[in-house]
Amino acid sequence: MKTPLSIQYNEKESPTCYTAPAIFLHWLGAVLIVAGFILGLIMTDIPGLTPTKLKYFSWHKWIGVTAFLSVVPRIVWRLTHTVPALPKEMGRMHQYAAHLAHLALYGLLIAVPISGLLYSQAAGVAVVYFGVINIPTVLAPDPQWKVILKTVHWILNYLLFSLVALHVLAALKHQFIQRDNLLARMLPFLQRNP
């Protein structure tokens with residue numbers, strides 16, 4: 001039985017590349033993940049509480065909220081569309097591994113921003129999206145939860161960044177070593193005729 005999240009094996013039933021909205025949301029997510037991670041490293045290296053550090057913290061939070069909001073339409077798209085088939089040469093175990101990696105990426109794209117939001121709230125710092133929209137508080141300030149959630153947010157960020165790096169390396173391996181045209185699913189200009 002085929003479900004919206006099942007892996008596509010029959011290339012005749014599936015498109016050759018993702019739709020424009022799916023491609024846009026994918027690359028938006030990629031930019032947000034990289035920008036949020038780099039900004040997180042920079043801002044935590046700034047000693048003390050400077051205006052620049054506070055500004056970077058705000059930007060980091062805005063990136064996190066945007067990443068969270070952008071994953072919702074990605075999941076809706078994924079549940080309502082047929083995805084391009086994975087190459088038949090890839091083998092079932094590799095296809096299942098790719099499928100599980102994508103599920104983990106979606107999970108982390110939800111968990112990382114939520115852990116950051118809860119960490120901010122446990123620290124007693126409100127999250128105000130773009131300085132305008134106050135994100136509702138669900139956790140009262142709590143020094144013990146602040147320490148726990150800081151660690152959770154840190155671990156989840158490194159898990160996400162590691163999984164993204166693995167995802168990129170796998171895509172490059174398929175493009176330049178296996179030459180199976182897999183990357184063309186997200187970059188249609190790479191599409192080549194059989």
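Every heavy atom of this structure was used, including side-chain atoms; hydrogens, water molecules and symmetry mates were not.
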Please find the pair of heavy atoms, one from [X] and one from [Y], that lie closest to each other, and give the distance.
X    : Y    : value
P113 : L108 : CD-O, 3.9 Å
V138 : Q121 : N-OE1, 2.9 Å
V127 : N134 : O-OD1, 3.4 Å
S70  : L25  : O-CD2, 4.0 Å
A98  : M90  : CB-CE, 3.9 Å
A85  : R185 : O-NH1, 3.2 Å

Any chance you could measure [X], atom [atom1], to [Y], atom [atom2], to the nearest 0.5 Å?
X    : Y    : atom1 : atom2 : value
I42  : T52  : CD1   : OG1   : 11.5 Å
H94  : Q178 : NE2   : CD    : 7.5 Å
L39  : K61  : CG    : NZ    : 11.5 Å
H167 : L160 : NE2   : CG    : 11.0 Å
L156 : L149 : CG    : CG    : 10.0 Å
C17  : I23  : SG    : CD1   : 5.5 Å

I'd like to check [X] versus [Y] (side-chain heavy atoms, cut-off strictly below 4.5 Å). Are they in contact?
X    : Y    : result
V83  : W77  : yes
Y18  : H81  : no
I177 : L172 : no
T50  : I46  : yes

Is there a path of hydrophobic side-chain contacts, each under 4.5 Å between heavy atoms of I, L, V, M, F, W or Y residues, that connects [X] with [Y]?
X    : Y    : value
L79  : I110 : yes
F37  : V31  : no
Y56  : F130 : yes
I114 : L139 : yes
L163 : L169 : no

Is it the case that atom NZ in K53 sees more than 12 heavy atoms from other parts of the structure closer than 6.0 Å?
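Yes, because the 6.0 Å sphere around NZ of K53 holds more than 12 heavy atoms from other groups.
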Count the heavy atoms of every other residue, nucleotide or ligand shown that sit under 6.0 Å from CZ of F24, and state whether that count exceeds 12.
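For F24, atom CZ is not crowded (no more than 12 foreign heavy atoms under 6.0 Å).
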Could you tell me whether W145 and Y119 have their ring centroids closer than 6.0 angstrom?
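Not under 6.0 Å, so no.
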Any residue meeting ring pair (Phe, Tyr, Trp, His ring centres under 6.0 Å) with W154, in chain and number order, not counting sequence neighbours:
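Ring pair (Phe, Tyr, Trp, His ring centres under 6.0 Å) check on W154 returns Y158.
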Any donor-acceptor N/O pair, [X] side chain to [Y] backbone, under 3.5 Å:
X    : Y    : result
T151 : V147 : yes
W27  : M186 : yes
H174 : L182 : no

Check step by step if side-chain contact (heavy atoms from CB on, under 4.5 Å) holds for F57 and L49.
CA-CA 10 Å; F57 265 90; L49 276 178; 5.9 Å; no
Given side-chain contact (heavy atoms from CB on, under 4.5 Å), test M43 with W59 step by step and report yes or no.
CA-CA 10 Å; M43 71 189 194; W59 292 354; over 6 Å; no
Among all residues two or more places apart in sequence or in another chain, which pass the side-chain hydrogen bond (donor to acceptor under 3.5 Å, both in side chains) test with S58?
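Residues passing side-chain hydrogen bond (donor to acceptor under 3.5 Å, both in side chains) with S58: none at all.
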Would F68 and L109 satisfy side-chain contact (heavy atoms from CB on, under 4.5 Å), going step by step from the backbone distance to the final call?
CA-CA 6 Å; F68 179 80; L109 283 171; over 6 Å; no
